[in-house]
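What follows is a short report on a single structure.
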Amino acid sequence: MPKRYWLFKSEPSAYSLEDLERDTSTFWDGIRNYQVRNSFRDDVQRGDAVLFYHSSCKVPAAVGLAKVIGLAEPDPTQFDAKAKYYDAGSKRDDPRWLGVTIEFVSRFPRPVPLEELKSDERFDTMLLVQRGQRLSVQPVEKAHFDAIVKMGGKATKKS
DNA sequence: GCCAACGTTGGC
DNA sequence: GCCAACGTTGGC
């Protein structure tokens, strides 16, 4: 199976790339969207590349890279009645929500703002710049991924 | 903080 | 199974 490319959105006030760098790796929990759940379940593989994107902040931008190191597993927060993401309708023997584990790879020397992607026609077909598009984990085409990595000032790592 | 776009819920 | 109401996302 060829390596896939993803974009993970996060509000830096909640969990930033700096947080990931400090933690080295993290379990991506709190996803409560069926499309993303299905991507986690069916498509995300170990070794897939992740563009880390900061949303809902002063300058929304792709800020660096991560990679998938752990396949989908049940998200424990769905069973925790005190958690923000508690889901009373999810059963332990049939968990509704999944998360994956990602690891820090690098921070771009130069973040790539959403605005730049919007003004560059190469990215016209990229999901991220589509109107009303809200998926917090989305597939990215290799060409888009590579172009953004280049704009961020770091060559794509061979792996 | 506004609001457009979207997903989900629930009444019928 | 339709669709209005509601909640959330996320750029601006």
Side-chain angles (χ1 to χ4, degrees), chain A residues 4-23 26-44 48-68 72-102 104-141 143-153:
Chain A
R4 291 193 169 98
Y5 299 84
W6 306 94
L7 180 142
F8 279 38
K9 288 182 189 171
S10 188
E11 301 188 15
S13 59
Y15 195 83
S16 67
L17 182 65
E18 289 70 31
D19 292 326
L20 179 61
E21 183 170 18
R22 181 200 61 215
D23 296 344
T26 196
F27 181 71
W28 208 252
D29 61 12
I31 294 293
R32 297 295 180 266
N33 172 285
Y34 287 103
Q35 243 179 295
V36 176
R37 191 276 310 268
N38 294 347
S39 292
F40 281 173
R41 186 190 59 199
D42 304 332
D43 299 326
V44 174
D48 281 359
V50 173
L51 260 183
F52 202 98
Y53 176 85
H54 282 170
S55 66
S56 293
C57 55
K58 191 167 276 180
V59 183
V63 291
L65 299 176
K67 71 175 174 185
V68 175
E73 316 171 57
D75 177 349
T77 65
Q78 69 195 307
F79 305 121
D80 178 356
K82 293 192 286 290
K84 181 183 174 191
Y85 295 109
Y86 177 60
D87 181 352
S90 181
K91 303 191 183 65
R92 280 187 185 275
D93 56 0
D94 186 21
R96 184 177 287 170
W97 304 113
L98 306 170
V100 299
T101 304
I102 64 169
F104 176 83
V105 171
S106 65
R107 185 197 322 218
F108 291 152
R110 186 185 152 282
V112 182
L114 175 64
E115 194 187 358
E116 255 177 68
L117 302 179
K118 284 191 160 173
S119 63
D120 185 333
E121 65 182 14
R122 284 182 296 163
F123 301 104
D124 283 355
T125 59
M126 191 180 178
L127 272 179
L128 185 71
V129 307
Q130 303 309 308
R131 175 185 171 79
Q133 190 294 128
R134 300 185 315 178
L135 271 187
S136 62
V137 169
Q138 51 185 258
V140 177
E141 289 172 27
H144 289 153
F145 187 95
D146 289 345
I148 290 170
V149 170
K150 202 169 178 184
M151 290 161 81

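Each chain gets a letter, A, B and so on, in the order the sequences are listed, and its residues count up from 1.
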Classify the angle between the aromatic ring planes of A:F145 and A:Y5 as parallel (below 30°), tilted (30 to 60°) or perpendicular (above 60°).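 Tilted: the ring planes of A:F145 and A:Y5 meet at 30° to 60°.
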
My understanding is that only residues two or more places apart in sequence, or in another chain, count here; which of them pass ring pair (Phe, Tyr, Trp, His ring centres under 6.0 Å) with [X]?
X      : value
A:F79  : none
A:Y53  : none
A:Y34  : A:W97
A:F123 : A:H144

Please list residues of residues 114-128 of chain A whose heavy atoms come under 4.0 Å from any atom in DNA chain C, ordered by number; otherwise none.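 Nucleic-acid contacts, sorted: A:L114, A:K118.
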
In residues 52-60 of chain A, what residues come within less than 4.0 Å of DNA chain C, judged by heavy atoms?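 Heavy-atom contacts with DNA chain C come from A:Y53, A:S55, A:S56, A:P60.
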
Sub-3.5 Å pairs of nitrogen or oxygen atoms, protein against nucleotides 7-10 of chain B:
{"residue": "B:dG7", "atom": "O4'", "partner": "A:R134", "partner atom": "NH2", "Å": "3.4"}

Pairs flagged by salt bridge (Lys or Arg N to Asp or Glu O under 4.0 Å) wherever residues 81-90 of chain A is involved - sequence neighbours left out: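 Non-adjacent pairs meeting salt bridge (Lys or Arg N to Asp or Glu O under 4.0 Å): A:D87-A:R96.
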
For [X], enumerate each residue passing the side-chain contact (heavy atoms from CB on, under 4.5 Å) test, keeping only those at least two apart in sequence or located in another chain.
X     : value
A:K91 : A:D93
A:Y86 : A:A81, A:A88
A:A83 : A:T77, A:D80

Partners of A:S16 by side chain to side chain donor-acceptor pair (under 3.5 Å), sequence neighbours excluded?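 So A:S16 forms a side chain to side chain donor-acceptor pair (under 3.5 Å) with A:E18, A:D19.
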
